[in-house]
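Proteins come first, then strands; the chains are lettered A, B, ... in the order of their sequence lines, and each starts at number 1. In this text, all values refer to a predicted model and were calculated from it rather than measured experimentally.
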Protein chains: 2
Amino acid sequence: MDRQTKQRRIETYRRRCREGGLPLTEQRMAVLEAMLDLDDHPTADRVHDVVARRDSRVSRATVYRALESLARIGVITKACHPGKAVRYDSRTETHHHLVCLRCDAIIDVTDDRLDALPVPDTSSYGFVVSDLRVQLRGVCRRCRELEETS
Amino acid sequence: MDRQTKQRRIETYRRRCREGGLPLTEQRMAVLEAMLDLDDHPTADRVHDVVARRDSRVSRATVYRALESLARIGVITKACHPGKAVRYDSRTETHHHLVCLRCDAIIDVTDDRLDALPVPDTSSYGFVVSDLRVQLRGVCRRCRELEETS
DNA sequence: CGTGCGACTGAGACTTTGTCTCAGGGGTTC
DNA sequence: GAACCCCTGAGACAAAGTCTCAGTCGCACG
């Protein structure tokens with residue numbers, strides 16, 4: 001992610017904190033910066049590794065809590081996938097995912113037709129939809145090649 | 001799920017086992033039956049609770065393994081959601097999910113327009129898509145009511 | 001610039017979720 | 001019914017996530 005985008009994202013975070021009355025701490029800022037630097041879809045533990053390498057005093061619990069709170073105010077999102085660990089996503093604009101069912105890789109996809117998809121009416125469920133995501137499940141190139149050779 | 005559908009699903013399972021050369025064991029049958037009886041989207045541990053209540057000798061590891069193997073041969077599926085535990089889904093036909101970001105509830109949705117969505121071309125990623133799912137993320141009725149009163 | 005409130009943090013214990021090992025058992029095939 | 005091979009149970013282990021609580025720090029206010 002380029003420097004400017006990153007700066008803009010950090011400003012958004014500052015603003016949301018002010019609006020929400022949330023204290024803006026060094027640790028949460030470190031977690032956000034790590035997320036913006038990692039553009040795959042890291043697990044909480046991987047984010048912790050990165051943050052801890054820069055400042056070893058940041059504890060695992062804090063990273064878990066920070067990621068949750070960042071996701072709650074919408075500065076980052078949680079990616080959905082069928083693996084066991086939660087994956088976080090620094091992109092917040094609408095986009096979709098290729099999910100490899102073998103290795104749990106998540107690959108970003110943008111597709112105009114998918115983006116143009118109308119959100120169905122879910123009011124009969126009492127459900128308020130904030131976001132529509134399409135998940136394309138399958139097998140990635142590397143895993144297919146591995147299966148073929150075996 | 002009605003008795004007939006359930007019987008048909010069990011027959012499908014028997015056939016796939018024969019075709020795949022997989023032994024058809026009592027334990028896996030018990031896991032499948034539990035899945036067909038639970039029509040929410042249970043975690044592996046919840047399935048184990050149900051199976052163990054009927055036959056306390058079935059171990060946790062076996063339930064985990066059985067769910068994995070049932071998913072692998074396509075008799076059940078894994079639901080994708082942002083929570084920490086894998087959720088299994090007894091429905092295998094195309095359908096979509098409302099996912100509550102607060103309580104992790106998963107609600108089935110069918111919508112013709114969503115079903116008619118063409119699978120985008122992902123060959124440039126070397127990715128072979130087997131399944132397209134739409135996930136509508138938001139907040140369910142109960143969680144909204146809880147947040148309003150607080 | 002102090003002060004006070006309240007939310008945040010670190011450390012580690014704890015819980016939950018999932019995997020592995022290995023000896024023994026049970027399906028399937030012939 | 002015998003052989004083969006995968007499956008199973010039990011529990012140890014590993015990975016992922018939560019909780020507790022005393023102490024700290026951000027921020028609003030004066």
Side-chain angles (χ1 to χ4, degrees), chain A residues 10 13-32 34 41-52 54-73 75 78-88 101-104, chain B residues 13-32 34 41-52 54-73 75 78-88 101-104 150:
Chain A
I10 288 175
Y13 170 55
R14 284 190 211 278
R15 201 182 59 242
R16 298 239 171 117
C17 280
R18 273 197 303 277
E19 287 166 3
L22 297 171
L24 193 159
T25 67
E26 228 178 281
Q27 290 89 339
R28 278 206 276 241
M29 187 58 83
V31 169
L32 176 57
H41 305 77
T43 62
D45 261 354
R46 205 158 107 58
V47 174
H48 176 243
D49 285 347
V50 172
V51 171
R54 296 176 186 172
D55 176 357
S56 60
R57 288 166 311 172
V58 177
S59 85
R60 225 165 117 272
T62 297
V63 173
Y64 274 82
R65 285 181 292 221
L67 288 168
E68 276 299 317
S69 83
L70 290 171
R72 203 164 218 284
I73 64 176
V75 178
K78 287 186 181 186
C80 292
H81 77 125
K84 66 179 173 177
V86 173
R87 305 279 287 268
Y88 290 91
L101 294 173
R102 296 282 179 270
C103 70
D104 278 352
Chain B
Y13 170 56
R14 283 190 212 278
R15 201 182 59 241
R16 298 239 170 116
C17 281
R18 273 196 304 274
E19 287 165 4
L22 297 171
L24 192 159
T25 68
E26 229 179 280
Q27 290 88 339
R28 279 206 275 242
M29 186 58 82
V31 169
L32 175 57
H41 304 79
T43 63
D45 259 355
R46 205 158 107 60
V47 175
H48 176 243
D49 285 347
V50 171
V51 171
R54 296 176 185 173
D55 177 357
S56 59
R57 289 164 313 173
V58 177
S59 86
R60 223 161 62 81
T62 298
V63 172
Y64 274 83
R65 285 182 292 222
L67 288 168
E68 274 301 316
S69 83
L70 291 171
R72 204 162 217 283
I73 63 175
V75 178
K78 285 187 183 185
C80 291
H81 77 125
K84 67 178 173 176
V86 173
R87 305 278 287 267
Y88 290 92
L101 296 173
R102 296 285 178 268
C103 70
D104 278 351
S150 68

Side chains of I73(B) and Y13(B): does their closest heavy-atom pair fall under 4.5 Å?
yes
How many Å lie between CD on E19(A) and C1' on dA28(D), as a whole number?
17 Å
Please examine the side chains of K78(B) and Y88(B), heavy atoms only from C-beta on, and report whether any two atoms are closer than 4.5 Å.
yes
Regarding the side chain of V58(B), the nearest nucleotide among dG9(D), dG27(C), dC8(C) is dG9(D)
Atom CZ of R65(A) and atom P of dG10(C) are separated, to the nearest Å, by 8 Å
For R57(A), look at atom CZ and say whether over 12 heavy atoms of other residues, nucleotides or ligands are found less than 6.0 Å away.
no
Using only side-chain N and O atoms of Q27(A), determine if any of them is under 4.0 Å from OP1 or OP2 of dG26(D).
no
Would you kindly give the CG-to-P distance between L32(A) and dC8(C), to the nearest whole Å?
16 Å
Is there a side-chain contact between D104(A) and R87(A) (heavy atoms, below 4.5 Å)?
yes
Counting heavy atoms not belonging to R102(B), are there more than 12 under 6.0 Å from its CZ?
yes
Ranking dA10(D), dC8(C), dT20(D) by distance to the side chain of S59(B), first place goes to dA10(D)
R15(A) atom CZ: more than 12 heavy-atom contacts under 6.0 Å
yes
Can you tell me how far C1' of dA28(D) sits from CZ of R18(A), to the nearest Å?
14 Å
Rounded distance in Å - NE2 (H48(A)) to C1' (dG12(C)):
13 Å
By nearest heavy atom, map T25(B) and L24(A) onto DNA chain D; which one lands nearer the 5' end?
T25(B)
L22(A) or S69(B): which one's nearest nucleotide on DNA chain D is closer to the 5' end?
S69(B)
Whether each nucleotide of nucleotides 11-18 of chain D has a protein heavy atom under 4.0 Å at its base (B), only at its sugar-phosphate (S) or at neither (-) is summarised, 5' to 3', as B---SBBB
Residues, nucleotides or ligands: over 12 heavy atoms within 6.0 Å of E19(B) CD:
yes
What heavy-atom pair brings P82(B) and V86(A) nearest, and what distance separates the two atoms?
O-CG2, 3.4 Å
So how far off straight is the helix from dC1(C)-dG30(D) to dC30(C)-dG1(D), going by the axes through five pairs at either end, to 10°?
50°
Check residues 43-51 of chain A and write down every donor-acceptor pair under 3.5 Å in which the side-chain atom is one partner and the other belongs to a residue at least two apart or another chain.
| from | atom 1 | to | atom 2 | distance (Å) |
| --- | --- | --- | --- | --- |
| T43(A) | OG1 | R46(A) | N | 3.2 |
| D45(A) | OD1 | R60(A) | NE | 3.1 |
| D45(A) | OD1 | Y64(A) | OH | 3.4 |
| R46(A) | NH2 | D40(A) | OD1 | 3.3 |
| R46(A) | NH2 | D40(A) | OD2 | 2.9 |
| H48(A) | NE2 | V58(A) | O | 3.2 |

Rounded to whole Å, the CD-P distance (E26(A) to dC25(D)) equals 9 Å
CG of D55(B) versus P of dA10(D): gap in Å, rounded?
10 Å
Would you kindly give the CZ-to-C1' distance between R57(B) and dG24(C), to the nearest whole Å?
15 Å
